[in-house]
Structures are given as C-alpha cells and as structure tokens.
Engineer: 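Structure in structure tokens, see below.
All values reported here derive from a predicted model rather than from experimental measurement. FYI, the numbering just counts along the sequence from 1.
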Amino acid sequence: MKTLLIVEDDRSLNKGISLSLAQNGLHIEQAYTLAMAEQIFASTPVDLILLDINLPDGSGLDFCETIRRTSEVPIIFLTANDMEPDIVTGFALGGDDYITKPFSLMILRARVMAVLKRAAPQPEDKITIGPLSLDFGKLEFYKHKEQLTLSKTEIKLLNLLVSNPGIILNREQLIDKIWSQDAEFVDENALTVAVKRLRAKIEDEPAAPKYIKTVYGLGYMWAERPNP
C-alpha cells in the first residue's frame, strides 16, 4: 500500500483530502506544520507528499528543497500562490506537480495517481523468481523449466502482483486494472477464481501459497522478490 503525506495547516481541507484519497487504497499520514511533516518524513517511508507552501512555522518550498538533497519522493504542491513566478519556483525546487487552490478533489485524485504511476519502478519484461521464469514481453512463462499456459486474465493478474512485491493490492484495484472498462460489471468472485487458477499453476502448494498471499479483509500481495 502506498503512503501519502498531506502537509496542510487547514485541518478541514486536510481531512477532506485524506478521506478522498483513502478511497484509492492509499495510507494517509497527516501533518499540519512543517515540524510535524519533518517528524513523519524522518520516521515513515512515504511514497508521495502533498505540500502546502504557506505553513504556520515556515515555507513548504524550503521543505521541498531540503527533501531534494536526499530523496526523489514525488512532491505535489497545493497552494493559493497562483502567480507564474511561484509556480516556476515550485518546479525549479523539485516539485513534480503544482495545484492551485481552490481545486477539484476528483482532479486532485487523478493527478496524485498519475504522479504515483510515473514514479513507480517499471518491471523488467523478463523476471526470475525462484523456479519461475516470467517473460511478459514474449508472453512466455515457465516453472521448473516447464512452460505454463496462462489466460489473458491470469497474465494481467500475475503482472500486477509481480510489479508490486510486498504491496497489498485491494480487490477493487485488481478488478479495475484487470477488467478495465468492464470492471463495474465484474463479480468479485471472478477475481477469487482467477487467483485460485493462477495459484494452481505457479504454486507448489496452492493451499499454502508462497507467492500470492491473501491479506484477509484487504486483498492480495506478492510475497517474493526477483532473484538477484
């Protein structure tokens, strides 16, 4: 699960953004001052920061500049500063996006997800994990050097899981990504069946899976890293 840090001193706005983005399966950390933001950033792995510029105890621009000395974590500025020099400065200091207030929560969600997608490491076409050899470029998949026959749905599911090792993907995310435009018409049982069939093909013991772990009440997680 991706972690988002919201640095915004307006508590009502901070809460509204948090509630909106939590719908996308994000874990939210909230800060109302730079001091709080610095403490959270130092102690918690963060995947993206939504950063106000005008904060009670300092400037978000200074915080961004400090972060960029050691980290490339994506930063989206949220601010009432809408003058062209302000926007240029935000990007010059390392901001990945700049959104001026007031803004639509729907558009904010779309831009947050777009930045996270751009920042996500892209998996290699060919990956070896234990006895599994997975070539998503050629669509060739082997287990113990024996070729596996996977359906399109199983390939999409496998690719999503392998691309996000150690990250819990909830059922809604998986259904939306696998079935795309038809997701709203897909019964959740279809995902359960797809997971069961994929496990039967790649796991040595499908009843006690090593690769595709069920995180009860949340979704599924790929538990193994590629071979070094």
Side-chain angles (χ1 to χ4, degrees), residues 1-123 160 163-170 172-173 176-177 215 218-219 221:
M1 179 180 290
K2 300 290 186 181
T3 297
L4 175 69
L5 171 59
I6 303 172
V7 188
E8 167 62 59
D9 63 313
D10 184 325
R11 291 176 179 263
S12 296
L13 179 57
N14 197 319
K15 182 178 179 180
I17 295 170
S18 175
L19 291 173
S20 177
L21 292 174
Q23 298 175 29
N24 288 73
L26 300 172
H27 172 71
I28 308 297
E29 294 282 347
Q30 295 172 271
Y32 309 108
T33 65
L34 279 181
M36 290 178 66
E38 289 167 354
Q39 183 177 11
I40 292 171
F41 186 72
S43 61
T44 305
V46 172
D47 297 290
L48 186 145
I49 300 173
L50 287 178
L51 180 59
D52 191 10
I53 289 179
N54 300 312
L55 292 159
D57 54 345
S59 169
L61 294 173
D62 294 335
F63 186 44
C64 175
E65 190 173 16
T66 299
I67 289 172
R68 281 291 173 262
R69 293 173 189 155
T70 58
S71 172
E72 292 300 318
V73 61
I75 296 173
I76 299 178
F77 286 108
L78 290 180
T79 176
N81 298 358
D82 59 358
M83 300 298 290
E84 186 173 295
D86 297 322
I87 298 172
V88 170
T89 299
F91 282 113
L93 290 176
D96 294 88
D97 203 348
Y98 195 105
I99 300 175
T100 56
K101 303 174 183 178
F103 52 83
S104 158
L105 285 175
M106 184 178 295
I107 292 176
L108 173 64
R109 286 168 60 185
R111 290 170 79 164
V112 164
M113 299 313 292
V115 170
L116 283 173
K117 184 176 180 180
R118 290 198 301 269
Q122 299 301 311
L160 282 168
S163 300
N164 296 278
I167 297 173
I168 300 170
L169 301 178
N170 65 45
E172 292 76 14
Q173 286 175 308
D176 184 60
K177 294 290 186 181
V215 183
L218 294 176
M221 178 182 72

Engineer: Among Val115, Val112, Ile28, which residue meets the side-chain contact (heavy atoms from CB on, under 4.5 Å) test with Leu50?
Structural biologist: Val112
Engineer: Would you call Ile53 and Ser59 a side-chain contact if the rule is heavy atoms closer than 4.5 Å?
Structural biologist: yes
Engineer: Do the side chain of Asp9 and the main chain of Leu55 share a donor and acceptor less than 3.5 angstrom apart?
Structural biologist: no
Engineer: Holding to side chain to side chain contact (heavy atoms under 4.5 Å, CB included), I want the full list of residues that pass it with Ser104, two or more places apart in sequence or in another chain.
Structural biologist: Met106, Ile107
Engineer: Suppose the criterion is ring-ring contact (aromatic ring centres under 6.0 Å, His included): which pairs have a residue in residues 4-37, not counting sequence neighbours?
Structural biologist: none
Engineer: What pairs meet the ring-ring contact (aromatic ring centres under 6.0 Å, His included) rule with one or both residues in residues 41-69, with sequence neighbours excluded?
Structural biologist: none
Engineer: Is there a side-chain contact between Leu160 and Gln173, using heavy atoms and a 4.5 Å cut-off?
Structural biologist: no
Engineer: Is there a donor-acceptor pair under 3.5 Å between the side chain of Ser43 and the backbone N or O of Gln39?
Structural biologist: yes
Engineer: Measuring only between side-chain heavy atoms, which start at C-beta, is Leu108 closer than 4.5 Å to Ser20?
Structural biologist: no
Engineer: Any pair with a residue in residues 51-65 that passes salt bridge (charged side-chain N to carboxylate O under 4.0 Å, His left out), sequence neighbours left out, goes on the list, sorted by first then second residue, please.
Structural biologist: Asp52-Lys101
Engineer: For the residue pair Leu61 and Thr89, establish whether any side-chain heavy-atom pair is separated by less than 4.5 Å.
Structural biologist: yes
Engineer: What verdict does the side-chain contact (heavy atoms from CB on, under 4.5 Å) test give for Ile17 and Leu105, after you've listed the backbone C-alpha separation in whole Å, the side-chain angles of each residue and the deciding distance to 0.1 Å?
Structural biologist: CA-CA 7 Å; Ile17 295 170; Leu105 285 175; 4.0 Å; yes
Engineer: Listed by chain and number, what are the side chain to side chain contact (heavy atoms under 4.5 Å, CB included) partners of Glu172, not counting sequence neighbours?
Structural biologist: Asn170, Glu188
Engineer: Can you name the closest pair of heavy atoms from Gly95 and Cys64 and give their distance?
Structural biologist: N-SG, 4.1 Å
Engineer: Are Leu5 and Thr3 close enough, and set up right, to give a side-chain contact (heavy atoms from CB on, under 4.5 Å), and what steps lead you there?
Structural biologist: CA-CA 7 Å; Leu5 171 59; Thr3 297; 6.0 Å; no
Engineer: Do Val46 and Glu29 come within less than 4.5 Å of each other through their side chains, counting heavy atoms only?
Structural biologist: no
Engineer: Before accepting this row, confirm whether a basic side-chain N of the pair Lys117/Asp96 lies closer than 4.0 Å to the acidic partner's carboxylate O.
Structural biologist: no
Engineer: So do Val73 and Arg68 actually touch side chain to side chain, heavy atoms under 4.5 Å?
Structural biologist: yes
Engineer: Please, which pairs that meet ring-ring contact (aromatic ring centres under 6.0 Å, His included) have at least one residue in residues 71-118, sequence neighbours excluded?
Structural biologist: Phe77-Tyr98
Engineer: Does any non-hydrogen side-chain atom of Ile49 lie less than 4.5 Å from one of Ile67?
Structural biologist: yes
Engineer: Do Leu26 and Met113 touch side chain to side chain, with heavy atoms closer than 4.5 Å?
Structural biologist: yes
Engineer: Report the distance from atom CG of Leu51 to atom CD1 of Ile6, rounding to the nearest 0.5 Å.
Structural biologist: 11.5 Å
